[in-house]
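Some notes on the structure that comes next.
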Amino acid sequence: MATKTFDAVVIGGGPGGYVAAIRLAQLGKKTALVEKESLGGVCITWGCIPSKALIAAANLVEEMKGAAERGIIAEPPRVDIAKLREFKDGVVKKMVGGIAFLEKGNGVEVVKGTARFVAPNAVEVEGGGEKTRIEAGAFIVATGARVIEIPGFKHDGKDVWTAREAVDLPELPKRLVCIGGGVIGMELGTVYAKLGSKVTFLEALPQILTGVEPQAVQLVQRGLRQRGATVHVNAKAKGYERRGSELVVKAEVDGKEQEIPCDKILVAVGFRPNSEGLGLEAAGVKVSPRGFVEVDAQYRTNVPSIFAIGDLTGAPFLAHKASKEGEIAAEVIAGMKSARDWVALPGAIFTDPEIGTVGLSEDEARAKGYDPISGKFAFGALGRAVAIAHTDGFVKVVADRTSKLLLGVTVCGPEAADLVAEAALALEMGAYLEDVALTIHAHPTLPEAFMEACKVALGEPIHVLKAPERPRKGEAATARA
Ligand code: NAD
């Protein structure tokens, strides 16, 4: 067996691993990146990127359907799913090619195959019928996570889809049941609803998109209803059977058995870590009972030469978090004093309306001991939103009552996933409500809604009427008279 030696080896070429490898090489480390499938991992090949290509296309269909309201008369749109799939595949190919270009350009050696630890400083990589031993001073394990299967719904790729099949758009089912009202179920279910499927969502918990501001969730649910979809919460999917030409999903909805006929089933009920088969035991790496690799604030496992990042180390399962962790681990390996020290970890959910979140919700702020105030500004009162005919939604800011330190922001509405970037920067820089409220925002633009929401929280709104002062709990109504 051939042996190769590197300063550092990254296992897994997803958004955690490929970024870590680039950063290691930039910092002068002779680096190998081992990937068994495609560079870019789930994110690029069947997750974030292709799903966004489909979401944008589905939005275009809706824009075209609604164009007549704005005086644009066109034929009703028809969806050629083979062409759409081709477009999506082209997007993926371009992105994968971009990553390969970056790795090569930075001097990273990409090794195709499956790595398994045989010692704390060595892995064996099997690929293309060959085995290679690779030794290194440091390893970053970034093998990610995979979809969970639930009893009664064996993923067969035909009747029962995971996100992987749903993103591949094999067909447009007349009726689709989405099991799981998490991010994946809601994003992909929305695509199919927009492309013409009759979609039924089943979510076991009392709310879809658990943890998201309920006012935003209400808007998403309203939007889905308008598109002919049905959302059942407190609905646990139990199993399904084929009856003639259709499938019948059995679910317990609010404690009562229900049968939902459909043509395809999409199961999106969460992720589990890819920690098996890696030889982590052989290397002595500690893994939690649920399979997550335990790390410190520098992403080092209990074995000093082995680091772990991204989904493998636990939720939230976010590509941008994995990338940041990859950069930090690489810097630590290169001798820098980097560590997890971020304040703001934004989230972006591509439902309709879109949702962008960062920092604490009002309830979370209270639970952390703050006395929070909030300010909300609806897109319906914003010139730009009215002009582009996307007025559903709002920006809500949460701040500390006394200091006015900004604690969290939820954007629900047009371009919310992009708009939250400004809020993330504000939180990361320790901004106060005044910092945002006093910053001139170009007019007419959507980010003005963030500035306005901060003004509302300060009690100085311009484009909405000031709410009448209400006494706080336990405070005399005349206290400020
Ligand atoms: P999730 O954990 O976000 O949601 C799964 C949902 O399925 C939960 O709400 C759960 O209550 C429900 N569920 C479980 N069993 C059920 C049953 N038998 N019947 C009905 N409902 C059931 O999982 P996901 O949507 O698969 O996403 C996986 C991970 O990927 C998540 O952590 C998600 O945040 C992440 N992700 C994020 C984005 C984004 O930020 N845009 C996009 C895709 C995925």
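Order of listing sets the numbers, starting from 1, for every ligand and every atom in it. Everything quoted here is computed from the prediction, not taken from an experiment.
Listed by atom number, the atoms of ligand 1 under 4.0 Å from Ala235 heavy atoms are 19 (N), 20 (C). Near Ala348, meaning under 4.0 Å from one of its heavy atoms, ligand 1 places the atoms 39 (C), 40 (O), 41 (N). Heavy-atom contacts of Leu318 reach the following atoms of ligand 1: 40 (O) (cutoff under 4.0 Å). Using a 4.0 Å cut-off to heavy atoms of Gly180, the atoms of ligand 1 that qualify are 6 (C), 7 (O), 12 (C), 21 (N). Residue Leu205 approaches ligand 1 through these ligand atoms, each under 4.0 Å from one of its heavy atoms: 11 (O). The contact set between ligand 1 and Gly182, taken as ligand atoms under 4.0 Å from a residue heavy atom, comprises 3 (O), 4 (O), 6 (C), 25 (O).
Not one N or O of Ile349 is nearer than 3.5 Å to an N or O of ligand 1, by distance alone. For ligand 1, the polar-atom distance check against Ile150 finds no nitrogen or oxygen pair separated by under 3.5 Å. For ligand 1, one of its N or O atoms has an N or O atom of Ala237 under 3.5 Å away. Backbone and side-chain nitrogen or oxygen atoms of Phe350 are examined, and none is located within less than 3.5 angstrom of a nitrogen or oxygen of ligand 1. Polar contact check, Lys236 against ligand 1: no nitrogen or oxygen pair lies under 3.5 Å apart. In terms of N/O distances under 3.5 Å, ligand 1 is approached by Glu203.
With hydrogens and angles ignored, the 3.5 Å screen pairs a side-chain donor or acceptor of Glu428 with a backbone N or O of Ala344. Within the 3.5 Å criterion, the main-chain N or O of Leu209 finds a donor-acceptor partner in the side chain of Gln207. A donor-acceptor distance shorter than 3.5 angstrom exists from the side chain of Asn302 to the backbone of Lys286, with no hydrogens or angles considered. Not a single donor-acceptor pair under 3.5 Å links the side chain of Glu62 to the backbone N or O of Asn59. Remark: the backbone N or O of Thr200 is not paired with any side-chain donor or acceptor of Thr230 at under 3.5 angstrom. Judged by distance alone, the side chain of Tyr192 and the main-chain N or O of Ala166 form a donor-acceptor pair under 3.5 Å.
Using bins of under 30°, 30° to 60° and over 60° for the plane-to-plane angle, the ring pair Phe117/Phe139 lands in the perpendicular bin. Ring orientation note: the planes of Phe271 and Phe317 are tilted relative to one another, at an angle of 30° to 60°.
The single protein non-hydrogen atom nearest to atom 30 (O) of ligand 1 is Phe271 CE1, 3.5 Å, given as residue, atom name and distance. Remark: minimum distance from atom 21 (N) of ligand 1 to any protein heavy atom is reached at Ala204 N, 3.1 Å. Given atom 43 (C) of ligand 1, the protein heavy atom at minimum distance is Ile184 CG1, 3.4 Å. Nearest protein neighbour of atom 42 (C) of ligand 1, counting heavy atoms only, is Val183 CG1, 3.3 Å. Summary of contacts: the protein heavy atom closest to atom 13 (N) of ligand 1 is Val269 CG1, 3.7 Å. For atom 32 (O) of ligand 1, the closest non-hydrogen atom on the protein side is Phe317 CD1, 3.1 Å.
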Verify salt bridge (Lys or Arg N to Asp or Glu O under 4.0 Å) between Lys158 and Glu165, making sure each step is shown before the conclusion. CA-CA 8 Å; Lys158 275 171 57 208; Glu165 287 81 31; over 6 Å; no

Assess whether salt bridge (Lys or Arg N to Asp or Glu O under 4.0 Å) is satisfied between Arg85 and Asp168, documenting all intermediate values. CA-CA 7 Å; Arg85 193 183 312 123; Asp168 211 31; 5.2 Å; no

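Of the candidates Thr114, Val123, Val111, Ile11 forms a side chain to side chain contact (heavy atoms under 4.5 Å, CB included) with just one, namely Val123.
Under the 4.5 Å side-chain criterion, counting only non-hydrogen atoms from C-beta, Val141 is not in contact with Val293.
Contact analysis puts Glu187 in contact with ligand 1, with a non-hydrogen atom separation below 4.0 angstrom.
Checking Gly270, Gly347, Gly185, Ala319 against atom 23 (O) of ligand 1, the nearest heavy atom belongs to Gly270.
At a heavy-atom distance under 4.0 Å, only side-chain atoms of Ile179, from C-beta outward, approach ligand 1.
Glu246 and Arg175 are joined by a salt bridge, as a carboxylate oxygen and a charged side-chain nitrogen come within less than 4.0 angstrom of each other.
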